[in-house]
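Report on one structure; see the data block that follows.
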Amino acid sequence: MPELPEVEALRAFLDSRLVGKEIVRVLPLTVNVLKTYDPPLSALEGTTVTAVARHGKYLDIVTAGAGAGAGADADAGAGGARGTRDVGGLHLAVHLARAGWLRWKDSFSGAPPRPGKGPLAWRTVLAEGDGFDLTEAGTAKRLAVHLVRDPADVPGIARLGPDPLDAAFDRAAFARLLAGERRQIKGALRDQRLIAGIGNAYSDEILHAARMSPFKPVKNLSEDEITGLYEALRTTLGDAVERSRGVAAGGLKAEKKTGLRVHGRTGEACPVCGDTIREVSFSDSSLQYCPTCQTGGRPLADRRMSRLLK
């Protein structure tokens, strides 16, 4: 699943290619990809892109003019809740879900694609003939597109917690979020209502950098552990964003994989200590960790409720 660093890189990629350009056609190509009906898609056609923002794992393409109404607030920037709040334009909000991706097209063939054929879920065509496709692999179709007048009208955006790369997200703000939490730290980090943008992969990476068990209860964290976890979070995400900066959309998946130390590397050697990276599997996901770095050398039981909580 694309997480904060990849979505931020996609935001920057699209910002450099979309701003100032007119949208002439949008085509939903799977039955459930479009989650809204008001405003209609026809209102988007003829509008001009004024900014591309990000809210957690959501992309937000902001437009103004024609059917969108007068002027949009173009204070986009990179941060989650710091994205735009529009006063008259439209927002095309995209969540790529687990298997979705964005593919830039310099041109399109003359014949429009047939709905329901292959992984193609959405097409946006610009006046100059270029644009982008949204694709989704697999049979579980979760990619979502919303056309709204305000990003807060998208339920998933309205529920987001603070963006961890926002300047206001300091150690004190992080500690306040964790206060009263009774979950294990892995689950807390992945909760978009608590912190926006972190998913399965980067929660593994953050916990490895912090030398912390994914099953450690948040309530048992010491002040020093909170500080170490905060520093690992900021460094891990910040470094991933920097690695992805300037990478074209087609290269972001490979860039993400090369930068991961433990996630998706079961059976490989830990780059820090050399121990074998292990895995805990769940019904719909898995996590990876290093026993030496994170659990005192002891392997975690391969079930959701491990007894190794320290």
Side-chain angles (χ1 to χ4, degrees), residues 1-9 54-57 77-82 160-245 255-265 269-275 277-278 287-297 300 308-310:
M1 176 183 290
E3 300 181 31
L4 185 155
E6 296 78 51
V7 179
E8 171 57 20
R54 177 182 60 78
H55 312 277
K57 300 178 189 177
R82 296 178 296 140
L160 287 175
D163 191 278
L165 294 186
D166 195 296
F169 190 82
D170 57 14
R171 194 271 185 197
F174 182 57
R176 286 194 295 271
L177 289 175
L178 297 182
E181 271 290 333
R182 304 187 66 84
R183 290 176 291 181
Q184 296 167 347
I185 187 59
K186 168 82 173 177
L189 289 176
R190 292 184 63 187
D191 187 348
Q192 301 304 295
R193 297 166 298 180
L194 190 71
I195 303 172
I198 301 173
N200 195 34
Y202 285 105
S203 58
D204 281 353
E205 296 298 302
I206 291 165
L207 291 169
H208 178 255
R211 304 181 69 87
M212 186 175 293
S213 168
F215 291 157
K216 188 176 183 69
V218 174
K219 65 180 181 179
N220 291 352
L221 293 176
S222 67
E223 291 300 313
D224 286 346
E225 286 174 325
I226 291 174
T227 298
L229 184 59
Y230 171 76
E231 292 173 352
L233 184 154
R234 293 279 289 197
T235 300
T236 299
L237 295 179
D239 288 352
V241 168
E242 286 303 313
R243 287 195 307 271
S244 300
R245 195 178 302 279
E255 171 55 40
K256 176 180 181 177
K257 186 174 181 179
T258 59
L260 298 176
R261 291 186 164 197
V262 292
H263 185 79
R265 299 193 180 278
C270 171
V272 174
C273 71
D275 194 1
I277 296 169
R278 296 181 182 250
L287 65 83
Q288 285 79 42
Y289 70 100
C290 170
T292 295
C293 291
Q294 295 175 255
T295 61
L300 297 171
L308 298 178
L309 299 178
K310 294 183 180 180

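When a residue number appears, it is its place in the shown sequence, counting from 1.
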With E255 via side chain to side chain donor-acceptor pair (under 3.5 Å) - residues at least two apart: R243
Results of side-chain contact (heavy atoms from CB on, under 4.5 Å) for R261 - residues two or more places apart only: E205, H208, P271, V272
Closest approach of F169 to I195 (non-hydrogen atoms, all atoms of both residues): CZ-CD1, 4.2 Å
Separation of L4 CG from T236 OG1 (nearest 0.5 Å): 12.0 Å
Nearest-0.5 Å distance, SG of residue C273 to CZ of residue R211: 7.0 Å
Side chain to side chain donor-acceptor pair (under 3.5 Å) against T235, all qualifying residues, sequence neighbours excluded: none
Which residues share a side-chain contact (heavy atoms from CB on, under 4.5 Å) with E242, sequence neighbours left out: R245
Those residues that, when tested against R176, pass side-chain contact (heavy atoms from CB on, under 4.5 Å) (two or more places apart): A172, A173
Where A269 and G274 come nearest, the two heavy atoms and their spacing: CB-O, 3.9 Å
Sequence-distant partners of E181, side chain to side chain donor-acceptor pair (under 3.5 Å), two or more places apart: R183
Within-4.5 Å side-chain heavy-atom neighbours: Q294 and P214: yes
Under 3.5 Å donor-acceptor, D204 side chain and Q288 backbone: yes
Atom pair CG/CG of L177 and L189 - distance to nearest 0.5 Å: 10.5 Å
Side chains of L229 and F174 in contact at under 4.5 Å (non-hydrogen atoms): yes
N/O donor-acceptor pair under 3.5 Å between R54 side chain and G56 backbone: yes
By side-chain contact (heavy atoms from CB on, under 4.5 Å) - contacts of R190 (at least two apart): K186, N200, S203, S285
Test log, rule side chain to side chain contact (heavy atoms under 4.5 Å, CB included), inputs T227 and E231: CA-CA 6 Å; T227 298; E231 292 173 352; 3.6 Å; yes
Validation row: V262, L287 side chains within 4.5 angstrom (heavy atoms): no
Minimum heavy-atom distance K57-G199, with the two atoms named: NZ-CA, 3.7 Å
Side chain to side chain, C270 and T292, heavy atoms closer than 4.5 Å: no
Residues which pass side chain to side chain donor-acceptor pair (under 3.5 Å) with Y202, listed by chain and number, not counting sequence neighbours: E6
Any donor-acceptor pair under 3.5 Å from Q192 side chain to G197 backbone: yes
Shortest non-hydrogen separation from E8 to V241 and the atoms involved: CG-CG1, 4.2 Å
From L194 atom CG to L160 atom CG, the distance as rounded to the nearest 0.5 Å: 11.5 Å
Nearest heavy atoms of G161 and A196, plus distance in Å: O-CB, 3.5 Å
Non-hydrogen side-chain atoms of L221 and M212 separated by less than 4.5 Å: yes
Distance (rounded to the nearest 0.5 Å) between E225 CD and L178 CG: 11.5 Å
Test item: L300 and S213 side chains (from C-beta on) under 4.5 Å apart, heavy atoms: yes
Separation between CD1 of I277 and SG of C293, rounded to the nearest 0.5 Å: 9.0 Å
Minimum-distance pair of heavy atoms, taken over all atoms of L165 and G238: CD2-N, 4.2 Å
Side-chain (E3) to main-chain (A201) donor-acceptor, under 3.5 angstrom: yes
